Structures are given as C-alpha cells and as structure tokens.
Amino acid sequence: MSSKTSTLLDPSTALEHLKTYDHSDGLSIQELMDSRVHGGLTYNDFLLLPGKIDFPASDVVTESRVTRNVVLRTPFMSSPMDTVTEGDMAIALALLGGLGIIHHNQSPASQAAMVRAVKRHENGFISDPVVLSPSHTVADVLDIKARLGFCGIPITDTGMVGGKLVGIVTSRDVQFRNPSTSLSDVMVTDLVTASQGITLLEANDILRDSKKGKLPIVDSNGHLITLLARSDLLKNQSYPLASKNPITKQLYAAASVGTRLSDRERLALLVEAGLDIVVLDSSQGNSIFQIDMIRYIKEKYPELEVIAGNVVTREQAASLIASGADGLRVGMGSGSICITQEVMAVGRPQATAVYAVSEFSNKFGVPVIADGGISNIGHIVKALTLGASAVMMGGLLAGTEEAPGEYFYHEGKRVKAYRGMGSLEAMEQGKPGSPPQTKVNGVHTGSNKYPSPKKDRTLENAATSRYFSEDSAVKVAQGVSGDVQDKGSVKAFIPYLYTGIQHSFQEIGVMNIQQLREVVRNGQVRFELRTASAQVEGGVHGLNS
Ligand code: IMP
C-alpha cells in the first residue's frame, strides 16, 4: 500500500504535469487531414475533442465573411436547386442572417422576378401575394384555401402582382357559392387600400381602423404592389441578424447562372433586378467556360460578388482564384441526392475537400462555402472547423415550408419532393419547350407568384449545363429524386441550427469563427478519428424503442 501511493503524483500538479507530454491529447488538424495516412475523410469520420467552457453559449457570434465583400451573421446558405430555393426561401434566409441562392432551372424573367422580390422585401409586407383575376372562379379560391390555408386574395385585371387592383375576395365571399361562379360576381370592389411607400406602422393603423383582414398596397395608377395581412402584423417579428447590403439597407439577393453565352443575357436581367451575389453553378468549376465567365463578370459588373465552383482540390481553386472569384463553393459528390462519385468516378470526400481548399484559398482572402452533405448541426460545426466560412444546404432545407412545392403524404409521412439538379427529372424540366411550370411529385417549380413567360427562348436546359451534358443525346444522371420529411418553417429551423452552433462552440471553447480558425491552426483544438464502431457508439444505440 505505502509503496503504491508513493508512485502517485500530487493532484495539485496535474496542470503542470501536462507539460511533460511532448504533444497534446488527440491529433492536430494537419495530422488528422493527412490523406496519405488516413485517406479522404467525411464529416462523420472524426470528432473534435472538447475544450474548456468559460462563457455562456449565448455569447457566441457566428458572423462570417462569405465572399470578399459580403459578411453574413449566420453561416447558412441554401442550394440553387429547384426544390430548395426560390423567392420565399431567399427572403426567409436573408431575414435570418443567411443567404438563399435562387436557382436557374427556370426562365430568366421568372428568376429575375424572384431577385426583385428579395430586394423589395420589407418585413411585414407580402411582396409576392397569391393573386387571381376576375375570370377565376370560386373553385380556384377554395383550391388555394385547401392547399395554402388562406383565402383572402386580391383580384387584379391580369391575375398577377403589378396588374390593376379590381377587387378582393375573402372566405365569406365564397361561402355557400356555386364553385363555378366567377370571382367578378362575388368579389368586394369597395376597397380600403394604402399607397406605395407607406410604413408598417401607418399600415398597421389603417388595418386596425378598417377592421379588414388584408390591406392591398397600390402604386399611383392603382396597380397592386404588395399586401399586408392582419395576421402577419400580429406576429410581426424583427430580424436583428438580417443579411442586408450596408449601403442600400435592402436584403442581399443571390442567384445562380451557368457559364454559357445565354447566361450572360440571364445575368443582365438579374443584375437589373438588383442582384448582389452570383453563383456560377457547375459540378466541375475548373473549366475554361467558368474562367471566361468570371473574367467577363468582373469586367462588366465589378460590383457583383462572384462565387465560383464547384471545386475540391487546391489546383482547381487556384484557377478560379486567379481569375477573380470572390468565394468558392466546395463539394463534388457529397450531396445527399448525388451519385456523381459512383457514376463519374470523380469527387472527393467532403471533409478532406473542405480542408484542402480552405487551407489554400483562405490565404488569398477567398472564403469557402462547404456545399453538400450537411445533415446535422455537427456537420456544420465541422465544416467551419475545417476552414469553411459557411455551409450550403439542399436536403436539410428542402422539407421546410419556404422551399418550393407542396407537401404530400408518402408512407404516412408529410413530405416534400427533393431532387438533384443532375437527376433526369430536373434535366427534363429545364429543356427548351418543356412547360415552365410542371408538377413532379407535388412540386410546382416556379410558382404563379412570379410571372413566367409562356415560351422563353433563353430557357435552355440549365440543369444539364451544370453537368456539361446539354449537347448529349443520351443523358447520364448524376443525381436522384426523392422526398424529404416536413421540417416546418425555416423561421424556426434556422434558429435551431444557430443555437446548436452556439452550444457546440461553447463545448469547443471558442466564441466566434475567427477564434475557431486560430485555435485550429495553432493546434489548440484537437481531433480524433472515429472508427466504424465509434460511429455506432456515437449514434443512438441499445434502445428497445
Ligand atoms: P445536400 O445538402 O447534401 O442535399 O446537397 C446539396 C448540394 O448537392 C447542392 O448544393 C449541389 O452542390 C449538389 N447537387 C445538386 N444536385 C445534384 C445532383 O443531381 N448531383 C450531384 N450533386 C448535386
């Protein structure tokens, strides 16, 4: 007994004793990410070791530079996919401090209308209300009520925002009416409206005094601009993290384009609509087409931020950085709907790709966006730890209310369709001559809220161009279609992700992304590889139900 205790060290020297080890517990990032030793890693292949908690999680800030000149307060972006990001998603994410990239598998005019809706959005006003024309019927109103849950609908001569406001229908106007009755016979024409430019506060007063449910806002010619709903006023929140252009104070708008000559015409429309950030959407970004496009944009629109990609190696990154890219999108084959690695035999495990590219591009002040393969908060934290400035999510957001398309039931679960842009369905959707609004598994891509010209010659197969297959007679799919479960509104889901990151940073012992980068680089943050059984242990296991 006495000989055993004599070998024990004095507990009060524990911290001092740590210094006798020649390295800290776990691996440094450089050791972890040495792919010659461990192969390529995914997010699930490693863990961060905990640090020391000495501040509340609410003190953590997640501000991050996502292009050379754009800083976001939350590092969340949504993918430019036709089942993920249209106007509603872009507005909601920008209000919450992130950024939605409006997809280009639609006509340029409809994409530009979505960009314009983001730029014009003022919190509280519905910039893209559902509108009908006098020749629509009571059945159309009932259908909207069944699908979207409301039936206070402004009526314009064209059936669209921007048309002359001629009436409004509410639930009482259509109750007990024959479904085939025209709205011209039931709509209320004695309207209370407000003029464009009115503040929320003033509009609030008018709604209160008029006792109406909806307040249409019109321009000096009586054309419908926007709408205010009493129900929205009641729950009107403020968004302190909103992603706004510091000069114009409008929400940031971002959209994707391809790299063909016709994309230059598309881009001109988007810029005219107020675009701040363009994403060059390609599965393999290191191409002469993309390099030419970056140079063209930098020359023609020097104010526009260009996110180039996708890349997974520093050699690819170097080409795009040298051409003038302001940010890089990283990922090839990591997306949840992606089969590129299997079909094409190219790609890279995502954690290794994010580390390799960020380690290089951050030296030039060009931020990295980790795109694809994010399915939980832990993946987001790992991407940031590896050097990314933000994450881009498709599948994680496709089931939210703000994603395009409607919910439907599949095997008893409420779901929305989600499909890869390289899936046969998405490639068909973008083909010239295919209808601009088709419905796939309950998805309407391109809603009637944004005007979509009947036939637009510049609508070429945007999805196929992402995979360089627009000229191929035989299409080889690089993505699949499926559905994802209902996740509610991003207005609840993004705050959940944000709070999760705050808690994770607290466990690591860092208060912001810059500090995280610093302590990862200098070896203070340590890592551990996870064996297959460690991954099983880390998941839920051993429960009966
Ligand atoms: P997720 O968040 O894991 O669902 O991945 C979304 C990302 O997958 C997108 O941002 C794209 O980079 C990528 N992606 C979209 N469509 C396809 C496809 O059809 N094949 C391969 N990758 C795709």
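Given the structure is predicted, the values throughout are model-derived calculations rather than measurements. Counting starts at 1 for both ligands and their atoms, following the listed order.
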Touching ligand 1 at all, Gly331? Heavy atoms, strictly under 4.0 Å?
no
At a 4.0 Å threshold, what atoms of ligand 1 neighbour a non-hydrogen atom of Asn310?
12 (O)
Which atoms from ligand 1 have a heavy atom of Ile337 less than 4.0 Å away?
8 (O), 14 (N), 15 (C), 16 (N), 17 (C), 23 (C)
Per-residue contact class, Arg329 against ligand 1 - non-hydrogen pairs under 4.0 Å
side chain
Axial cation check for Tyr252 ring with Lys244, 6.0 Å and 45° limits:
no
Charged N-O contact under 4.0 Å between Arg329 and Asp371:
yes
Cationic tip of Lys382 above Tyr43 ring, under 6.0 Å, 45° of axis
no
Name the option, out of Met392, His379, Met421, Gln350, that contains the heavy atom nearest to atom 16 (N) of ligand 1.
Met421
May I ask you to list the atoms of ligand 1 that are less than 4.0 angstrom from any heavy atom of Cys338?
20 (N), 21 (C), 22 (N)
Salt bridge or not for Lys413 and Asp483, using N-O below 4.0 Å?
no
Near Arg414 CZ, under 6.0 Å, is it more than 12 heavy atoms from other residues, nucleotides or ligands?
yes
ring-ring contact (aromatic ring centres under 6.0 Å, His included) partners for Tyr498, two or more places apart
none
Check ligand 1 against Ser79 and write out every atom of the ligand that is under 4.0 Å from a heavy-atom position of the residue.
6 (C), 9 (C), 10 (O)
For Tyr418, counting its heavy atoms only, list the atoms of ligand 1 lying under 4.0 Å from any of them.
1 (P), 4 (O), 5 (O), 6 (C)
Numbered atoms of ligand 1 (with element) below 4.0 Å of Met393, judged on heavy atoms
2 (O)
Considering only heavy atoms, does Leu396 approach ligand 1 within less than 4.0 Å through its side chain, its backbone, both, or neither?
neither
For ligand 1, which atoms, with element, lie under 4.0 Å from some heavy atom of Gly395?
1 (P), 2 (O), 4 (O)
Proximal atoms of ligand 1 relative to Thr340 (non-hydrogen, under 4.0 Å)
21 (C)
Strictly by modelled atom types, are Gln478 and Ser283 linked by a side-chain donor-acceptor pair under 3.5 Å?
no
Within a strict 4.5 Å, meaning less than it, do heavy atoms of the Pro75 and Leu384 side chains meet?
yes
Atom 1 (P) of ligand 1: of Ser283, Gly309, Ser336, the nearest heavy atom sits on Ser336
Geometric cation-pi criterion, Arg264 with Tyr296: 6.0 Å, 45°:
yes
Just distances here: any N/O of Gly373 and N/O of ligand 1 closer than 3.5 Å?
yes
